[in-house]
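Single-structure report; data block below.
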Amino acid sequence: MHDLNPQQKEALQHINGPLLVLAGAGSGKTKVITHKFAYLVKTHKTPADAIFAVTFTNKAAGEMRERIGHLLPNDIRSAWIGTLHSQCGRILRKEIKNLGYGPDFSIYDEDDRCNLIRHILKDFKIYEALYKGVSSRINILKASLIDPDTFLASGDGFGFDEKLAKVYIRYQDELQRSNALDFDDLIMLTVKLFREFPKVLRKYQDSLAHVLVDEFQDLNASQYHLVKLLAKQHKNICAVGDDDQSIYRFRGADVQHILNFEKDFPGAKVVRLERNYRSTQNILDVSHAVISANPNRKAKKLWTDRGRGEKVHYCWLNNEEEEAKHIAKVIKELYLKGAAAYKDVGVLYRVNLQSRALEDALRDAGLPYRVVGGISFYQRKEIKDIIAYARLVTNHGDNVSLRRVINTPPRGIGAATLSKIEGEAKKKSACLFDILKVAAKNSGIVSSTKDKLGSFSSLIEELAPRAGQDAAELLKAIVERTGYRETLDDDRKQNIAELIVSAEGRDIREFLDKVSLQTSHEEAAPGDHISLMTLHNAKGLEFPVVFLTGIEEGVLPYFKAIGKEDEIAEERRLFYVGMTRARDMLLLSGSRKRRLYSRIQEQEPSRFLKALPREYCLWIEKVAEYHPFKAGGRDNKKAEIVKVKPLFASGCRVKHPVWGVGVIRDCYGDGEDQKVMVNFPTIGLKRLSLKLANLTKI
DNA sequence: AAAACTCCTCTTTTT
DNA sequence: GAGGAGTTTT
């Protein structure tokens, strides 16, 4: 406990009754949670299994488990440490029979759910491209604990719409028939279980003496409700979060939960962690100036004893290519000066399409980079196909998976055959697989098709007994026996091989759960490279050097948020999250012109910049005669920035009076200050100032 | 079942 | 401006 600061200690020691820990960025909140867990077990003899500790990401959960493991001698394998979804999964595997599902339910991700919704829309002859909107509406309903029946009974509530209701009912029905749950069901059905079976709830309430919730600001209504239910009896809930870092409103997260905590839990103690261990005071002051302009926030002011540090840079350029080139140049200089390794640098942006210009510039400059995020491993087609086979093998009722694989690889079972089976299944309210099995023997289907159906169903059934073995064995068998292997190119084979390795020695059920709940696979890849990612993806990370790009009206805040007060507040928080990722250097940039969806737009600097205290900033405007904050300044003629072609560039051969001939590896700085790195065969790499070194080009 | 064509969309995305 | 998905064609 001695390495905790007074506020952290306070948070640790308050163990009876509700506690809200307002943990600013970089204030050591993970430390508080892990130490609190250990403290409860060690000092207060709480069984490790009596603490329900939740986070939002698998990564955070893994870290939490590992760190607690280091703090305690106990075996914590069975402890309730995990994401809320995985914990619900665990509860439901045991208890879901109460709700009329089987314990072997499949878990559908966003992709599976969209497939199902599209299928339903097609069936209802509703314009199929609406599926995204429908999906998100259903998302929101479930996140608000509105199940189809409640929705029907709601009258005009919740934006009732008959078509939506029809689709929602059918969707939920299809899920149940497939014995499948989507992500939101994991929460919603757990709540339903607890509401309808108080005995079951009681069992969990009794055994869970403490509830610890990380990232509290990210809870949606159903998740909050669930947590409240669990904590209702002992009232020992410790909520850790930061309202200023709430950036998932569009997923249903509601900052209000953190703001209302004291009302919902009367007598709650509130602890503020305002000491920051990450950034310099300049970075903290600048970001504070930005975030404190938001209404309705819990006042907090972060401080550090690290000193002022480097000023926050702001640079305004002509267009996104110049912005990107500028960034590449600055990174290179930092690298050559030895101020930062590439892995110390994070380049963040609001929207993915911004990565393109940045990637081009970094590639041109020969700098190593990685784009973090994007399509995750588990969303690749080949992985999803194999997983769908495995699901179907373990859960024959899984219609979505069956539709996915029945003709993958092509085995001549086309749309016509499938729709016959669909019709039959609906009539008999049976699952597709059972119908297919029977259809292989009788009914009015051409005999050649019958054979195909028969061999498909027996294939799945032959694989079923292997479900008891090692998950890797089952996956291997699937890849071989289904003929899937033949359809693969080398990349995909590689991916599948990786999947199989990760399944080794695991139980298939457990493996599928893990895979279904593990949606982002992007581990911080080892190696020295610059990281590129969206602001959302940067949450929870830190870098010594952070570039925030596109700090313009229309990009940050994004144009869709403009004019809506609470969305602007969220954009501001997003900006804040980005700024507080920086340890030592924070560099903001924007550009006057930007291409957004095939249109070149004239941009203005973000409104968020107006609040920046200039004394902590270094302002560089590389757009000549253009003063962004001066009214009417926009149409001043733009003096071209004349590019002086450098005399010395990498690759040139040069001669030095003492060391002789060498090859320039790199150049940085401009004009008088230009420096070069030269490789001399006799003595190796040398860093030289052009002004002093008296080099001649040869 | 592949190839060619058209149409549509285009913010962020922990599980 | 480009990628994805659906549709039509071969």
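So that the names make sense, note that chain A is the first sequence line, chain B the second, and so on, each numbered from 1. Quantities reported herein were computed from a predicted structural model and do not represent experimental measurements.
In this structure, A/Leu186 places its CG atom 16 Å from P of B/dT14, rounding to the nearest Å. Rounded to a whole Å, the CG atom of A/Leu541 is 12 Å from the C1' atom of B/dT14. When rounded to the nearest whole Å, the span between CE of A/Met64 and P of B/dT14 equals 18 Å. If you measure from atom CD of A/Gln245 to atom P of B/dT14, you get 17 Å, rounded to the nearest angstrom. The NE2-P distance, from A/His85 to B/dT13, rounds to 17 Å in whole Å.
For A/Glu320 (side chain) and A/Arg595 (main-chain N/O), a donor-acceptor pair under 3.5 Å exists by modelled atom type. Judged by distance alone, with hydrogens and angles left aside, the side-chain atoms of A/Ser178 form no donor-acceptor pair with the main-chain N or O of A/Ala180 at under 3.5 Å.
Between chain A and DNA chain C, the heavy-atom contact criterion of under 4.0 Å yields a 5' to 3' nucleotide range of C/dG1 to C/dG6.
Ring geometry, A/Phe194 versus A/Tyr204: the interplanar angle falls from 30° to 60°, so the pair is classed tilted.
Here A/Phe547 and A/Tyr349 keep their ring centres 6.0 angstrom or further from each other.
Among the atoms of the strands shown, none is found under 4.0 Å from any heavy atom of A/Asp185.
Atom name C1', nucleotides C/dG3 and B/dT14: the rounded distance is 26 Å, in whole Å. Taking atom P in both B/dT12 and C/dA5, one finds a spacing of 16 Å when rounded to whole Å.
A search for side-chain contact (heavy atoms from CB on, under 4.5 Å) contacts involving A/Asp109 returns A/Asp111, A/Asp112, A/Phe183, A/Lys384, not counting sequence neighbours.
Between A/Phe575 and A/Ile551 the shortest side-chain heavy-atom distance falls below 4.5 Å. Contact of the A/Ile568 side chain with the A/Arg607 side chain is registered, since non-hydrogen atoms from C-beta on lie closer than 4.5 Å.
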Identify each atom pair where a protein N or O and an N or O of nucleotides 9-12 of chain B are less than 3.5 Å apart, giving names and distance.
from   : atom 1 : to       : atom 2 : distance (Å)
B/dT11 : OP1    : A/Lys560 : NZ     : 2.9
B/dT12 : OP1    : A/Asn352 : N      : 3.0
B/dT12 : OP1    : A/Asn352 : ND2    : 2.8
B/dT12 : O4'    : A/Arg350 : NH2    : 3.3
B/dT12 : O2     : A/Arg350 : NH2    : 2.5

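Between the side chains of A/Asp398 and A/Tyr108, at least one donor N or O lies within less than 3.5 Å of an accepting N or O. Counting only N and O atoms by type, the side chains of A/Tyr389 and A/Arg404 include no donor and acceptor under 3.5 Å apart.
With a 3.5 Å ceiling on both atom-pair distances, B/dT13 lacks any Watson-Crick or G-U wobble partner. The partner of B/dA4 is C/dT7, judged by Watson-Crick or G-U wobble contacts that both fall below 3.5 Å.
Nucleotide B/dT11 carries a syn base; the chi torsion (O4'-C1'-N9-C4 or O4'-C1'-N1-C2) is within 90° of 0.
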